[in-house]
Asks: 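One structure, pasted below without further comment.
Everything numeric here is computed off the predicted structure, so don't read it as measured data. Throughout, protein chains are lettered first and strands after them, A, B, ... in sequence-line order, and every chain is numbered starting at 1.
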Amino acid sequence: NAGVTQTPKFQVLKTGQSMTLQCAQDMNHNSMYWYRQDPGMGLRLIYYSASEGTTDKGEVPNGYNVSRLNKREFSLRLESAAPSQTSVYFCASSDPVGQGFPGELFFGEGSRLTVL
Amino acid sequence: DQQVKQNSPSLSVQEGRISILNCDYTNSMFDYFLWYKKYPAEGPTFLISISSIKDKNEDGRFTVFLNKSAKHLSLHIVPSQPGDSAVYFCAASPFNQFYFGTGTSLTVIP
């Protein structure tokens with residue numbers, strides 16, 4: 001059982017280049033998320049998708065776009081990369097537990113992106 | 001503005017003693033709280049959660065306490081073990097979003 005799989009694990013970009021981070025989960029979860037982790041900042045939510053066909057902005061959406069391709073896959077795109085987007089990116093998924101609570105997040109191993 | 005705060009960036013504890021990690025939140029709409037553990041170069045892994053209808057939840061060596069009136073939660077690890085050395089994040093959720101604190105780096109000294 002792979003859980004949440006992210007690709008690529010490492011990427012170096014030049015300023016202005018574009019790229020897409022891919023994420024897939026095999027747990028049949030409805031909700032998927034993209035976070036970035038920066039030193040001293042913790043994990044900050046970029047975008048999330050509560051269910052297939054929906055996406056919403058999180059805390060730091062500027063400079064990113066997302067696509068919920070199907071229930072399994074949720075991609076994050078940087079159209080014109082900037083050095084401020086150098087970070088470690090984590091994809092996660094979850095499903096509600098009883099009484100309407102959202103349940104735990106299951107994370108991928110992370111994608112380390114460097115923008116020069 | 002940080003809605004979930006972990007004011008202690010680091011904590012050192014002797015093996016066998018209790019580790020207490022603290023977390024404060026500002027949004028009264030938060031009703032589900034989680035703790036995650038993270039090792040370097042790995043994704044965070046879930047430890048324990050608590051909903052707003054409870055004030056305590058236990059799972060083995062880990063206990064989470066929630067004080068809704070103070071908007072404060074804490075994670076107790078008893079007894080602490082060297083393998084517990086990691087960064088611990090608390091998270092809070094309203095609806096489908098999860099907001100994380102900045103993390104506390106725990107070092108358990110053998």
Asks: Which of the residues B/Tyr99, B/Phe89, B/Phe98 is involved in the greatest number of heavy-atom pairs with chain A at under 4.5 angstrom?
Replies: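 Option with the greatest count: B/Phe98.
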Asks: Closest approach of A/Met19 and A/Leu21, non-hydrogen atoms and distance?
Replies: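 For A/Met19 and A/Leu21, the tightest heavy-atom pair comes out as CE-CD2, 3.5 Å.
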Asks: Which answer fits B/Ala91, side chain, backbone, both or neither, if we ask what part of it has an atom under 4.5 Å from a heavy atom of chain A?
Replies: neither
Asks: Suppose a student defines contact as a heavy atom less than 4.5 Å from any heavy atom of chain B. Which residues in residues 108-116 of chain A would they list?
Replies: A/Gly108, A/Glu109
Asks: Under the disulfide bond (SG atoms under 2.5 Å apart) rule, what pairs show up with a residue in residues 18-55 of chain B, not counting sequence neighbours?
Replies: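 Every disulfide bond (SG atoms under 2.5 Å apart) pair that includes a residue of residues 18-55 of chain B, provided the two are not neighbours, is B/Cys23-B/Cys90.
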Asks: At a heavy-atom separation under 4.5 Å, does A/Glu59 approach chain B through its side chain, its backbone, both, or neither?
Replies: side chain
Asks: B/Asp24 and B/Thr26: side-chain donor and acceptor closer than 3.5 Å?
Replies: no
Asks: Considering only heavy atoms and a distance below 4.5 Å, find which of A/Val4, A/Val88, A/Leu43 pairs most often with chain B.
Replies: A/Leu43
Asks: Just wondering, do A/Glu104 and B/Leu34 contact through their side chains at under 4.5 Å, heavy atoms?
Replies: yes
Asks: Given A/Glu73 and A/Asn70, is the side chain to side chain donor-acceptor pair (under 3.5 Å) satisfied, shown in steps?
Replies: CA-CA 6 Å; A/Glu73 298 173 288; A/Asn70 47 56; 2.7 Å; yes
Asks: Just so I know, are the side chains of B/Thr107 and B/Ser10 near enough to count as touching, which here means a heavy-atom distance under 4.5 Å?
Replies: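 No, every pair of side-chain atoms sits at 4.5 Å or beyond.
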Asks: Would you indicate whether A/Lys71, at its atom NZ, is surrounded by more than 12 heavy atoms from other residues, nucleotides or ligands within a distance under 6.0 Å?
Replies: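 Counting other residues, nucleotides and ligands, NZ of A/Lys71 exceeds 12 neighbours.
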Asks: Side chain, backbone, both or neither: which part of A/Leu105 has a non-hydrogen atom closer than 4.5 Å to chain B?
Replies: both
Asks: Can you tell me which portion of B/Ser49 sits under 4.5 Å from chain A's heavy atoms? Options are side chain, backbone, both or neither.
Replies: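 No part of it gets close to chain A.
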Asks: Counting neighbours of CZ on A/Arg77 that are heavy atoms of other residues, nucleotides or ligands and sit closer than 6.0 Å, is the number greater than 12?
Replies: yes
Asks: Show, in sequence, the C-alpha distance, side-chain angles and deciding distance for A/Asp38 and A/Ser87, and conclude whether the side chain to side chain donor-acceptor pair (under 3.5 Å) test is met.
Replies: CA-CA 6 Å; A/Asp38 302 292; A/Ser87 188; 2.8 Å; yes
